[in-house]
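Below: the structure, in structure tokens.
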Amino acid sequence: MARPGFRLALLATLLAGVVVLLGAYTRLTHAGLGCPDWPGCYGFLAVPMSEAQQALAAERFPAAPLEVEKGWNEMVHRYFAGGLGLLILALALQALRRRGQPGQPLKLPLVLLAVVIAQALFGMWTVTLQLWPQVVTAHLLGGFTTLSLLLLLCLRLADRWPALAGVPARLRAFAGAALALVVLQIALGGWVSSNYAAVACIDFPTCHGQWWPAMDFARAYDLTHHEIGSNYLGGLLYGEARTAIHVGHRLGALTVALVLLALAWQLYRHGFGRLAALLLGALALQLGLGIANVLLSLPLAVAVAHNGGGALLLLVLVTINYRLRPARLLQPASASDSPLPPRTGRLELPGA
């Protein structure tokens, strides 16, 4: 039976997934500066719609002409993110009120609250620093972090999948390394997006018809070159640097694919066939969406889905690492909630 707070955590997790997709949609529609101020829009709580409001907006921000559609894209994202922040605050308060009760996580909800506060700051800096790539990428990573921690909280509150004894330490370490590698790949994807390098190569598997085109990796990944104060809408790097960013993401995807294939094989060998199938499915989906982005010239629906696929792959790896966790790290929630005896064979998945 799920512990108190599970439904609220599940709702927050689902909402976090929506926020991640809305963030991707906002970036991909070039609406990151749809509102040049924060947390409002041209000094209003919503996008100015009347003639009087729009005249006032033009007077307040003469260098940032209002585009209503982009403004709404940005504000809808902010509204959903604000709602998520309130849910996480409720989870933290609930954890504090129930601290000391068996099986009630306390540190995790408080960490989530700290992360969402940092996310709000990064959201503000995304606007005030005019889409500075470092901040945009950090904001993206913060969104994925929030989503992952919320899933972890759901898994802990679900109280259905105890840790398994007998999992080889080498497999557990492999799964942890794979998770870290996927996080790095997501960061590379964020760097592609924040530097507008998604269409730097328009063919696949080659780039500009070459296996190794002219590229400037030094400029592409030089964080000091991206200075505060510039407007990075549309990107500032020239062709060879953007090509290097794009190819770097492809090389990362190849590395991740090989590692996750090896992890899926190891999971299958140790009796975790369903986890292996889940991992392979998420990997195949993400690779397919990534290739489609290139071949179809970055259609909006596919590009947003590619961000969602990255989130899904991350959540699958969070689930795998949770299921493989050491049994000794968990304490029984009560006398009747003692750890189960070692299990072997096929693993039951959430919802299976």
Side-chain angles (χ1 to χ4, degrees), residues 12 15-89 112-147 190-198 223-237 300 303-304 307:
L15 183 56
V18 173
V19 171
V20 166
L21 293 177
L22 286 174
Y25 185 82
T26 300
R27 290 192 307 274
L28 290 163
T29 55
H30 308 291
L33 295 178
C35 297
D37 51 337
W38 189 92
C41 189
Y42 290 89
F44 299 95
L45 292 177
V47 179
M49 298 298 292
S50 69
E51 291 186 6
Q53 289 178 330
Q54 292 181 358
L56 186 55
E59 179 181 338
R60 289 171 174 170
F61 299 92
L66 171 64
E67 296 182 62
V68 172
E69 183 177 355
K70 290 185 177 181
W72 276 116
N73 288 350
E74 171 65 7
M75 288 307 295
V76 168
H77 177 228
R78 293 184 190 179
Y79 295 150
F80 274 82
L84 176 61
L86 291 177
L87 285 181
I88 290 175
L89 175 61
L112 267 164
L113 182 59
V115 169
V116 82
I117 291 172
Q119 269 297 87
L121 293 174
F122 278 114
M124 176 184 68
W125 293 330
T126 295
V127 175
T128 58
L129 298 180
Q130 302 186 89
L131 305 182
W132 191 34
Q134 287 92 322
V135 168
V136 174
T137 302
H139 191 45
L140 179 144
L141 286 173
F144 278 76
T145 299
T146 303
L147 178 60
W191 196 244
V192 169
S193 179
S194 61
N195 285 282
Y196 299 85
L223 300 183
T224 62
H225 176 72
H226 297 76
E227 299 175 352
I228 296 177
S230 300
N231 187 330
Y232 286 92
L233 184 63
L236 297 182
L237 293 177
L300 181 59
V304 173
N307 281 263

Sub-3.5 Å donor-acceptor pair from the side chain of Gln119 to the main-chain atoms of Thr146, do we have one? no

From CG (Leu129) to OG (Ser230), nearest 0.5 Å: 11.0 Å

What is the minimum heavy-atom distance between Trp72 and Ala46, and which atoms define it? CH2-CB, 3.9 Å

CZ/Phe80: more than 12 non-hydrogen atoms of other groups inside 6.0 Å: no

Check for a donor-acceptor pair, side chain of Tyr42 on one end and backbone N or O of Ala64 on the other, with a separation under 3.5 Å. yes

Could you state the interatomic distance from CD (Gln53) to CZ (Arg60), rounded to the nearest 0.5 Å? 9.0 Å

I need the minimum non-hydrogen distance between Val20 and Gly143, along with the two atoms involved. CG2-O, 3.9 Å

The side-chain hydrogen bond (donor to acceptor under 3.5 Å, both in side chains) partners of Gln134 (sequence neighbours excluded) come to Trp132

Answer yes or no: is there a side-chain heavy-atom contact under 4.5 Å between Thr128 and Asp37? no

Quick one: does any side-chain atom of Tyr232 pair with a main-chain N or O of Glu227 as donor and acceptor, under 3.5 Å? yes

I need the minimum non-hydrogen distance between Leu233 and Leu131, along with the two atoms involved. CD1-CD1, 3.6 Å

Answer whether the closest heavy-atom distance between the side chains of Leu237 and Tyr196 falls below 4.5 Å. no

Considering residues at least two apart in sequence or located in another chain, which fulfil the side-chain hydrogen bond (donor to acceptor under 3.5 Å, both in side chains) criterion with Thr126? none

Lys70 and Glu74 ion-paired at < 4.0 Å: no

His139 and His77 aromatic ring geometry - parallel, tilted or perpendicular at 30°/60° bounds: perpendicular

Donor-acceptor check, side chain of Asn195 to backbone of Gly235, threshold 3.5 angstrom: yes or no? no

Test of understanding: with side-chain contact (heavy atoms from CB on, under 4.5 Å), list the residues that count as partners of Thr224, not counting sequence neighbours. Asp222

Working to the nearest 0.5 Å, report the span between OG1 of Thr145 and CG of Leu112. 10.0 Å

Residues, nucleotides or ligands: over 12 heavy atoms within 6.0 Å of Gln54 CD: yes

Value rounded to 0.5 Å, distance of CG in Leu45 from CZ in Arg78: 11.5 Å

What's the verdict on side-chain contact (heavy atoms from CB on, under 4.5 Å) for Val76 and Tyr25, showing C-alpha distance, side-chain angles and the deciding distance? CA-CA 11 Å; Val76 168; Tyr25 185 82; over 6 Å; no

Go through it in stages, so that I can follow the logic: the residues are Trp191 and Leu140, the test is side-chain contact (heavy atoms from CB on, under 4.5 Å), and I'd like the CA-CA distance, side-chain angles, deciding distance and then a yes or no. CA-CA 10 Å; Trp191 196 244; Leu140 179 144; over 6 Å; no

On a heavy-atom basis, which atom in Val192 and which in Ala198 lie closest, and how many Å separate them? CG1-N, 3.6 Å

For residues Met75 and Cys35, report the shortest heavy-atom separation together with the two atoms involved. CG-SG, 3.6 Å

Is the shortest side-chain heavy-atom distance between Val135 and Gln130 below 4.5 Å? no

Euclidean distance, Leu84 CG relative to Leu89 CG, rounded to 0.5 Å: 11.0 Å

Check for a donor-acceptor pair, side chain of Arg27 on one end and backbone N or O of Val136 on the other, with a separation under 3.5 Å. no

Tell me yes or no: between the side chains of Thr26 and Asn73, is some donor less than 3.5 Å from an acceptor? no

Which atom names give the shortest non-hydrogen contact between Pro48 and Leu66, and what distance separates them? O-CD2, 3.6 Å

